[in-house]
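Everything on this sheet refers to the single structure shown next.
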Amino acid sequence: MTLSAWDRTRLAAALVDWLPRRRWFAAKGRPVERVEVARVADLGHGCLVALVDVHLVGEPGPHRYQLPLGLRAEPAPDAITDLGGLWAVDATDVPDLMAHVLALVAAGAERDGVRFTAAAPVEPAAPARRVTGEQSNTSVVFGDRYILKFFRRLFPGENPEVAVSRALGPTPTVPRLHGVVDDGTSTLAVVQGYAAGAVSGWDLAGTPGFTGRLRSLGEAVATTHAALADAFGSTPLTRADLSALVDGMLDRLARTAAEAPALARHADRLTRLLVGACRAALPGSPRQRVHGDLHLGQVLAADRGWLLIDFEGEPGAPIPERARWDSPLRDVAGVLRSLDYAANRTPDRDWVRAAEREFLAGYAERAGRAPDPALLLAHQLDKAIYEVGYETRNRPDWVTVPLRAIEGFVAAAEEAG
Ligand SMILES: Nc1ncnc2c1ncn2[C@@H]1O[C@H](COP(=O)(O)OP(=O)(O)O)[C@@H](O)[C@H]1O
Ligand SMILES: O=P(O)(O)O[C@H]1O[C@H](CO)[C@@H](O[C@H]2O[C@H](CO)[C@@H](O)[C@H](O)[C@H]2O)[C@H](O)[C@H]1O
């Protein structure tokens, strides 16, 4: 099945309004100038994959997105548009089409330039249901066996999530890689083992018994860092690395302050704090491949212990940047920042200090060394600055959470002289 030039134009026009209303559309708040349908692959069974280029006002290059589409004969209330008498819907909402995609992975098939590769056995599993809730991408769960994630914003190259799963191989703290879908330019989707009944750290935070589980979370993060170092290598952090690190952090501060005036007020003090922390940090701790965007939503308490998911790195950063070696303390700081976020949902914050202590103790014990406090502080500040930018763009009501944390860090530093 092919789409005529007229159908493509019609689809592109409908997407100008439809895309910005999707949770996973990353350029929220930035006006869309036009959408072009760059390529449509026919996967069979009335399932298409459209790759579309979104041109934003004032931005030089387009952003590419993936749209798995189903074509329906009946008018559907959730249809994106009608195309030559058929109705285009989001295929991730259509269980039959998702079962078809899983079967293509199991068969190691190729359809219209799209390659489906099984990395481990894939058997039929039903029902297929789309994961609801906040996501940067779109995932579909099959029975209690597999989870298939369609990457929404595409970048050229292998997605870091696939690169990491492949390199790690079977690892107790990471879901197993079962399959990959790509078009020769970008990774389109990944199939992983599904941990049925697992609950995210975000959903557990603040509930009774949570603090008692944080030591093992610290251990799981350190175990994963050790596995990443084994798979990709590691090197001791040098003074030059620390200097490059602070430059990157100051660069992020400047970019974020330009879009968030509430952060700009703290820019001078934050600059001093970041430079001071990176100067006080000791060389010698590891530099290696890390998760890059670890938070409590990315750790799952499963039957077999904690699992870390979503090794995509910082969403929005180009792929080569996301694979860059970094300090593992970026991930440690990510969890600490997330505990602070979680504390904001609870009337009393006292549990957070104990939770942080447990997490850090578990991490230090398994890693064989305690995190360097100065380097950890630099990463906590950098993550909070990142969050100010992320929340400003995506969830303005939440921006006070990282801003308040920044005010706390600044006040504590001033008190300490
Ligand atoms: N292997 C897995 N087992 C169980 N649940 C999972 C697994 N991977 C992801 N999930 C669930 O799917 C949600 C979204 O997955 P995630 O990889 O974080 O997507 P995104 O890249 O869109 O942020 C997670 O919050 C988690 O609830
Ligand atoms: O899960 P993603 O890879 O899409 O990560 C992005 O979205 C996260 C929010 O869903 C965001 O995390 C921030 O909010 C969390 C609470 O919702 C909190 O636990 C994290 O500490 C905080 O950073 C993440 O930063 C962003 O990259």
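As a basis for the values below, the full set of heavy atoms in this structure was taken, side chains included, without hydrogen atoms, waters or symmetry mates. Keep in mind it's a predicted model, so treat the numbers as computed, not measured. Residue numbers run from 1 in the order of the sequence given. When a ligand or atom number is given, it counts from 1 through the structure's own listing order.
Closest protein heavy atom to atom 1 (O) of ligand 2: His295 NE2, 3.0 Å. Scanning the protein heavy atoms around atom 13 (C) of ligand 2, the nearest turns out to be Arg395 NH2, 3.7 Å.
Note on ligand 1: Ser200 sits outside its first shell, no heavy atom being nearer than 4.0 Å. A heavy-atom separation below 4.0 Å is found between Gln298 and ligand 2. Assignment of Lys383 to the shell around ligand 2 is supported, since a heavy atom sits closer than 4.0 Å. Ligand 1 has at least one atom lying under 4.0 Å from a heavy atom of Glu312. By the 4.0 Å heavy-atom criterion, Ser136 is counted among the residues contacting ligand 1.
Taking the centre and axis of the six-membered ring of Trp24, the NZ or CZ atom of Arg152 falls inside the cone set by 45° and 6.0 Å. For the pair Arg22 and Trp18, the distance from NZ or CZ to the six-membered ring centre is under 6.0 Å and the angle to the ring normal is within 45 degrees.
Geometrically, ligand 2 and Trp202 share no nitrogen or oxygen pair separated by less than 3.5 Å. At a 3.5 angstrom cut-off on N or O pairs, Tyr341 does not count as close to ligand 2. An N or O contact shorter than 3.5 Å links Tyr390 to ligand 2 by distance.
Contact annotation for Asp340 and ligand 2: no heavy atom of the residue comes within less than 4.0 Å of the ligand.
Atom numbering of ligand 1 starts at 1 in the shown order; those under 4.0 Å from a heavy atom of Leu300 are 2 (C), 3 (N), 4 (C), 5 (N), 6 (C), 7 (C).
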